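First listed ligand is number 1; within each ligand, the first listed atom is number 1. None of the values given here were measured: they were computed from a predicted structure.
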Amino acid sequence: MGLHDRTVVITGAARGIGRACAVRAAEEGADVVLIDICGDLPAVPYPLASAEQLENTARLCRKNGASVLVETADVSSRSAVRSAVTAAVDRFGRIDVLINNAGIGAPSGRPAHEFTEEEWRVLLDVNLSGPWRMIAAVAPVMIAQRSGSIVNVASTAGLVGYRHFAGYVASKHGLVGLTRAAALDYAPMNVRVNALCPGPVRDDPAVDGQMAAVVAESLGISTEEQEAVDLASVAMSSLVDPADLAGAAIWLAGDDSRKVTGTVVAVDAGFSAH
Ligand SMILES: NC(=O)c1ccc[n+]([C@@H]2O[C@H](COP(=O)([O-])OP(=O)(O)OC[C@H]3O[C@@H](n4cnc5c(N)ncnc54)[C@H](O)[C@@H]3O)[C@@H](O)[C@H]2O)c1
């Protein structure tokens, strides 16, 4: 129960890695604020999560004894982010942990010069400016408490390039940079900021995972072919599970990592060791 009595805010909590983090935080004794867009964005060529999926995450967290606040908000909107964070503080009185997980993997699948302005903008707006907006709303609360932990879910695409993923790669490299700069800004106030870099994650039905399928679709190959490419790219003999990310996120969130800030933790089955 490493997060007993802590309030953990998670964006993109309706499914995938966000759901895995939320349920694990609840298991660790935290109260959780679950934020998701619960709707689609016109420039994103696959469905984002639904209100029903967000409610499923909430149900799983409540089953573990957590008090849960569910907020529908698009991290591209400053006003929506602010009102979700205000609701969290009104309900729980504090925010101990922010897991900046909401992100999009496409539009992708073409060389950099073929992205439209709108496609480029949406990738940066959700994946990089979204976490910044959340930090802008949450940091004053953590600074006043003189404690807090922010976990930015970046990607191995924040460490190396991937062919035909320029917008995504640029956004995740930016998020790693934001992590390092914000860690320096808030270290004197005992607020830590770290990045988590997932490698290729298996689409786990338990969390409605679908990112491998989205990546495969944008590259015009089957999910099985994508998984084979992913498996060949990692040093270990299996892909990463959402639960592996949740474990690392909870470690970064809690006191066991109390002197860890400004770091990048790759959970990538050895991908980046090459
Ligand atoms: N799955 C992977 O292989 C992988 C690898 C590296 C990094 N990541 C990163 O992990 C994070 C989670 O990915 P996932 O695989 O669970 O994907 P996912 O699509 O299953 O989950 C992302 C969640 O974020 C939400 N979301 C998207 N845009 C939003 C917005 N503007 N405002 C609020 N919520 C929004 C979606 O509705 C969804 O619930 C992302 O940041 C992704 O880039 C994933």
Region of [X] that comes within reach of ligand 1 [heavy atoms, distance under 4.0 Å]:
X	answer
C197	neither
A157	neither
Q53	neither

Do any nitrogen or oxygen atoms of [X] lie less than 3.5 angstrom from nitrogen or oxygen atoms of ligand 1?
X	result
S155	no
I37	yes
Q210	no
Y46	no
A49	yes
I104	no

Who's the nearest protein heavy-atom neighbour of atom 4 (C) of ligand 1, and how far?
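Here the closest protein heavy atom is V201 CG2, 4.0 Å.
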
Ligand-side contact atoms (ligand 1) for residue partner [X], heavy atom cut-off under 4.0 Å:
X	value
D74	30 (C), 31 (N), 32 (N)
V126	28 (N), 31 (N)
G16	16 (O), 20 (O)
A73	32 (N), 33 (C)
I17	10 (O), 16 (O), 44 (C)
G199	3 (O), 5 (C)
Y168	6 (C), 7 (C), 8 (N), 9 (C), 42 (C), 43 (O)

Check: [X] side chain, [Y] main-chain N or O, donor-acceptor pair, under 3.5 Å:
X	Y	answer
S155	V169	no
T57	A14	yes
E28	G2	yes

With under 30° as parallel and over 60° as perpendicular, where do the rings of Y162 and F271 fit, or are they tilted in between?
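Rings of Y162 and F271: parallel, under 30°.
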
Closest by any non-hydrogen atom to atom 15 (O) of ligand 1: pick that one out of R202, M211, R15.
M211

Quick check on side-chain contact (heavy atoms from CB on, under 4.5 Å): which of N101, L175, T179 does P131 satisfy it with?
L175

Only one of I150, V8, N152, V151 passes side-chain contact (heavy atoms from CB on, under 4.5 Å) with L98; say which it is.
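Of I150, V8, N152, V151, side-chain contact (heavy atoms from CB on, under 4.5 Å) with L98 is met by I150 alone.
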
Could a heavy atom of [X] be found less than 4.0 Å from some atom of ligand 1?
X	answer
C38	no
D36	yes
R19	no

Using side-chain heavy atoms (C-beta onward) and a distance below 4.5 Å, is [X] in contact with [Y]?
X	Y	value
S233	P200	yes
V9	V85	no
I104	L123	yes

Can you tell whether the side chains of R15 and D203 come within less than 4.0 Å, N to carboxylate O?
no

Cation over ring face, R192 and Y186, 6.0 Å, 45°:
no

Taking all atoms of both residues into account, what is the closest heavy-atom pair of Y46 and G105, and its distance?
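Result for this residue pair: OH-N, 3.0 Å.
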
